[in-house]
Structure formats: structure tokens, C-alpha cells
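Notes to accompany the following structure.
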Amino acid sequence: LADIIYGVDIREDLSSNVKRVDLSLEGLPFDSDSFDYCTAFDCIEHIPRIINVLGANRLSFLELMNEIHRILKPGGLFLHRTPAFPSKEAFQDPTHVNIITEDTFPFYFCDPHLWAHDYGFKGKFELVSQRWESATWIICLIKAIK
């Protein structure tokens, strides 16, 4: 029901407000506190947890989560749908480099645990809901706490 939709992908399509971004290396090309909602469908599993860039390690998945938190307004919602362990779909695609479990978001990115803070995650989310779809995907909704 959004009036305007923006997106990022490995291909640019400016006619559809889709900007080209390599989420392994770059942040989201949007202003801070500018979105009520952010979604990622079959995306997170393609973002490496760690890469080496010019001799320095970059925690790409944590940086993406920092960026999602940054662009969301206070109380903004992030919804993702991701193939997750132990489903075979989490592993069978050779471009899946980030395996998610049902504990990843509640324990690492949500209050009260926030275990990802030990690794550079700066934000805070609240778990709104999480469920399995067809024993393959985790569908998770979290709210930005600012």
C-alpha cells in the first residue's frame, strides 16, 4: 500500500526506483530515518558474513543490518523471508553464503540479547513475529528501536 517503492539489486532499473548496489561492499543509498518499512525476500542468504577487502575484513551481513536499522524511522519495520537451516534450500543454491537459523535474529539483533553488538552491530530491534513457511523459509518481522 506504499505510495512509492524503492529497491536495491545487482541490476539497476531506475524506471522502477531500483538502484544498483553490491550489499557485500556498500551501504544502502538512502538517507537515515527515511523509511517506515524495509523488506528482503530471498536476499539475506546471499550476503556474506565476512569478506576480505584490500587486506581488511568486512562483516558484510552485520553492516547490512546496521544499514537497515539506519534507514528505518524509529519504530520502522523490517520484514525478511529467508531460506533457513535445517531446510535443504538453505544450502542447495551455490550462491547462498549466509545460513540463517531461527535464532539468528532474535538472539543477535533483538533486545534483550543483542549478541551482534559484540561484533559491531550498533542498532537495536524488537522481535515482532517470526514463523516458518513450508519448513523452508523463516519469515521474520522486527521493529527498529531508536
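Worth knowing before you read on, the calculation uses all heavy atoms, side chains too, and leaves out hydrogens, waters and symmetry mates.
Summarising the geometry of N66 relative to G123, their closest heavy-atom pair is OD1-N, 3.9 Å, with the distance given to 0.1 Å. In this structure, A90 and A84 approach most closely via the heavy-atom pair CB-C, 3.6 Å.
L79 places none of its side-chain heavy atoms less than 4.5 Å from the side chain of C140. Residues L25 and I51 have side chains in contact (heavy-atom distance under 4.5 Å, counting atoms from C-beta outward). No side-chain heavy atom of I5 sits less than 4.5 Å from a side-chain heavy atom of N17. Looking at L28 and L23, their side chains come closer than 4.5 Å, going by heavy atoms from C-beta outward. In this structure, the side chains of W137 and T82 stay at 4.5 Å or more apart for every pair of heavy atoms. Taking the side chain as every heavy atom from C-beta outward, Y108 and L114 never approach each other to under 4.5 Å.
Identified under the salt bridge (charged side-chain N to carboxylate O under 4.0 Å, His left out) test for residues 91-112, with sequence neighbours left out: none. For residues 17-39, every residue pair satisfying the salt bridge (charged side-chain N to carboxylate O under 4.0 Å, His left out) rule, not counting sequence neighbours, is listed here: D33-K146, D36-K73. Legend: ring pair (Phe, Tyr, Trp, His ring centres under 6.0 Å) pairs involving residues 42-67, not counting sequence neighbours, sorted by first then second residue: H46-H96, F61-F109. Identified under the side-chain hydrogen bond (donor to acceptor under 3.5 Å, both in side chains) test for residues 52-65, with sequence neighbours left out: N52-N57. Residues in residues 38-50 take part in these salt bridge (charged side-chain N to carboxylate O under 4.0 Å, His left out) pairs, two or more places apart or across chains: D42-R81. Within the structure, side-chain hydrogen bond (donor to acceptor under 3.5 Å, both in side chains) pairs that include any residue of residues 114-124 do not occur (at least two apart or interchain).
Once rounded to the nearest 0.5 Å, the distance linking OG of S24 with CD1 of I47 reads 5.0 Å. The CD1 atom of I68 sits 3.5 Å away from the CZ atom of F78 when rounded to the nearest 0.5 Å. Distance CG/L141 to CZ/F105: 11.5 Å, rounded to 0.5 Å. Between Y6 atom OH and S16 atom OG the span is 12.5 Å, to the nearest 0.5 Å.
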Checklist line | V18 and E12: CA distance, side-chain angles, deciding distance, side chain to side chain contact (heavy atoms under 4.5 Å, CB included) verdict | finding: CA-CA 6 Å; V18 175; E12 187 168 77; over 6 Å; no
Next item on the list: Kindly determine whether W132 and I138 satisfy side chain to side chain contact (heavy atoms under 4.5 Å, CB included), including the steps that lead there.
Entry: CA-CA 5 Å; W132 282 94; I138 285 182; 3.9 Å; yes
Checklist line | Test ring-ring contact (aromatic ring centres under 6.0 Å, His included) applied to F35 and F30, step by step | finding: CA-CA 9 Å; F35 290 96; F30 306 111; 5.1 Å; yes
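One hydrophobic cluster, built from ILVMFWY side chains closer than 4.5 Å, holds both I71 and I4. The hydrophobic cluster containing L64 does not contain F41, counting ILVMFWY residues as joined when their side-chain heavy atoms lie under 4.5 angstrom apart, directly or transitively. M65 and I145 fall into different hydrophobic clusters, where Ile, Leu, Val, Met, Phe, Trp and Tyr are joined by side-chain heavy atoms under 4.5 Å apart, directly or via other members.
Hydrophobic side-chain contacts under 4.5 Å tie F85 into a cluster, directly or through other members, with F91, I99.
Applying the side chain to side chain contact (heavy atoms under 4.5 Å, CB included) rule to Y37 yields the partners L77; only residues at least two apart in sequence or on another chain are considered. Among residues two or more places apart in sequence or in another chain, the side chain to side chain contact (heavy atoms under 4.5 Å, CB included) test is passed with C110 by F125, L127, I142. By the side chain to side chain contact (heavy atoms under 4.5 Å, CB included) test, V97 pairs with P48, sequence neighbours left out. Among residues two or more places apart in sequence or in another chain, the side chain to side chain contact (heavy atoms under 4.5 Å, CB included) test is passed with S15 by D13. Taking the side-chain hydrogen bond (donor to acceptor under 3.5 Å, both in side chains) definition, one finds that H69 meets it with nothing, sequence neighbours left out.
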